[in-house]
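For reference, the structure is listed below as structure tokens.
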Amino acid sequence: MSNSVLTVSNETLNTMKEHYHSSIVNQSPPGSLFVAKLTGCTITAYKSGKVLFQGQDFSSEANKWGNVEKIPPGKKTTSKKTSAKSPSSKSSGGIYAPPANVSDLSIIGSDEVGTGDYFGPMTVVAAYVTSDKIQLLKELGVKDSKDLKDAQITSIAKEIIPMIPHSLLILRNEKYNELEKSGINQGKMKALLHNQAICHVFKKITDHDQVDGILIDQFCEPGVFFNYLKGKEISWKSENTYFSTKAEGIHIAVAAASIIARYAFIKEFEKLSEKAGFVLPKGAGNKVDQAAASLIRKHGEKALLEFTKIHFANTQKARKLV
Ligand code: MG
């Protein structure tokens with residue numbers, strides 16, 4: 001698909017709305033101001049000021065409004081998708097390996113954050129990105145959340161949250177510790193939450209035929225994943241389910257999911273720090289042991305259930321420090 005994106009001022013946005021008023025259709029994707037359909041070009045204007053021009057006449061139409069980064073027709077917007085084949089990226093192979101053109105498809109991607117952090121919750125997000133939104137999300141700076149600073153994550157997340165159907169699940173530590181104690185390991189928790197988030201998103205989508213597949217950022221073998229889900233409802237098209245590690249680099253839906261998940265994690269983490277009365281460190285290193293010891297001194301042992309993933313080795317280390 002040929003397309004381009006412009007960022008315009010509010011004033012221009014309003015001028016555009018007037019200019020295209022006779023072609024505006026009764027269609028409003030999340031976060032959009034209007035959609036106009038001309039012969040040869042569809043224009044989607046977002047409240048954020050981003051305007052997407054799609055179709056064979058995209059460039060002549062977009063050029064009316066500003067300087068446009070041209071994407072030559074025929075050249076898909078996927079030049080950087082080689083990471084799918086990079087040696088550091090491992091896909092599970094077989095029927096669960098994403099197809100070569102996956103980055104161009106309309107995909108529900110899922111990812112989680114917080115599994116390695118002693119403090120703070122686990123957040124899981126599934127997000128649906130249709131092929132016509134891929135370019136826009138790139139323009140908004142969506143990429144692997146590990147390459148982004150917290151402030152960037154927050155600002156990108158706020159822009160994309162109203163634009164893409166998604167489901168955010170937050171597993172706070174009270175519940176996490178309860179599940180863990182009942183014999184559900186972290187891998188199974190992840191599988192259950194990924195499944196739930198994907199189910200929620202799938203239910204939000206009206207046109208299921210448009211969904212080309214599901215891409216899960218891989219944390220265990222697909223067989224193990226589906227084993228964890230035995231007896232659970234899987235209300236999505238599981239025949240087109242793909243698994244890959246480093247999936248944020250393979251489809252932007254996973255990158256978007258990881259950004260929203262990290263944004264939610266950061267917010268929860270800030271709330272916890274406030275409650276603790278001091279800044280909690282991320283990860284599970286020495287600083288974390290020290291902070292956990294301070295937490296016990298200040299709020300007592302029982303606070304660990306609310307603040308931490310208590311089965312981590314940090315708990316014993318913190319007890320020793322106290
Ligand atoms: Mg992941």
Side-chain angles (χ1 to χ4, degrees), residues 80-81 83-93 96-98 102-103 107-129 137 141-150 152-154 156-157 160-161 164 166-173 176 179 184-201 213-229 236 241-269 282-284 309 312:
K80 278 198 275 184
K81 282 306 179 302
S83 54
K85 292 181 191 77
S86 75
S88 58
S89 161
K90 178 175 109 348
S91 111
S92 50
Y96 296 112
V102 66
S103 49
I107 290 285
I108 297 174
S110 66
D111 199 6
E112 81 287 326
V113 167
T115 53
D117 294 276
Y118 180 60
F119 293 112
M122 192 163 115
T123 58
V124 177
V125 172
Y128 179 46
V129 176
L137 292 185
V142 175
K143 56 180 169 183
D144 189 348
S145 67
K146 289 177 206 80
D147 297 334
L148 295 166
K149 301 212 167 70
D150 284 2
Q152 292 173 299
I153 284 169
T154 301
I156 296 171
I160 64 173
I161 281 171
I164 52 175
H166 66 279
S167 166
L168 161 67
L169 300 173
I170 301 174
L171 180 63
R172 296 193 176 83
N173 285 327
Y176 178 101
L179 291 171
I184 297 178
N185 66 34
Q186 201 191 62
K188 184 166 182 178
M189 289 184 220
K190 284 194 239 184
L192 293 170
L193 291 172
H194 274 256
N195 176 46
Q196 245 183 52
I198 295 165
C199 284
H200 289 168
V201 172
I214 317 282
L215 178 59
I216 296 169
D217 190 42
Q218 190 175 346
F219 52 87
C220 66
E221 286 305 312
V224 175
F225 178 87
F226 286 112
N227 212 17
Y228 283 143
L229 298 185
W236 30 283
T241 299
Y242 311 117
F243 290 83
S244 177
T245 58
K246 303 202 159 89
E248 308 93 333
I250 294 173
H251 197 284
I252 205 157
V254 181
S258 81
I259 286 176
I260 298 171
R262 180 148 304 273
Y263 170 61
F265 179 79
I266 294 167
K267 281 205 296 186
E268 287 291 316
F269 213 89
K282 302 213 172 82
K309 300 180 185 78
F312 279 29

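Indexing begins at 1, ligand by ligand and atom by atom, following the structure's order.
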**Asked** Ignoring hydrogens and geometry, is there a side-chain-to-backbone donor-acceptor pair from Asp217 to Glu112 under 3.5 Å?
**Response** no

**Item:** Lys282 to Phe269 six-membered ring, cation-pi geometry met (6.0 Å, 45°)
**Value:** yes

**Asked** Do any N/O/S atoms of Asp217 come under 2.8 Å of the Mg ion (ligand 1)?
**Response** yes

**Asked** Does Glu248 put an N, O or S atom under 2.8 Å from the Mg ion (ligand 1)?
**Response** no

**Asked** Which of the N/O/S atoms in Asp111 sits closest to the Mg ion (ligand 1)?
**Response** OD1

**Approximate separation, where rounding is to 0.5 Å, of Phe225 CZ and Asn195 CG** = 6.0 Å

**Item:** Check: Phe219 ring centroid to His194 ring centroid under 6.0 Å
**Value:** yes

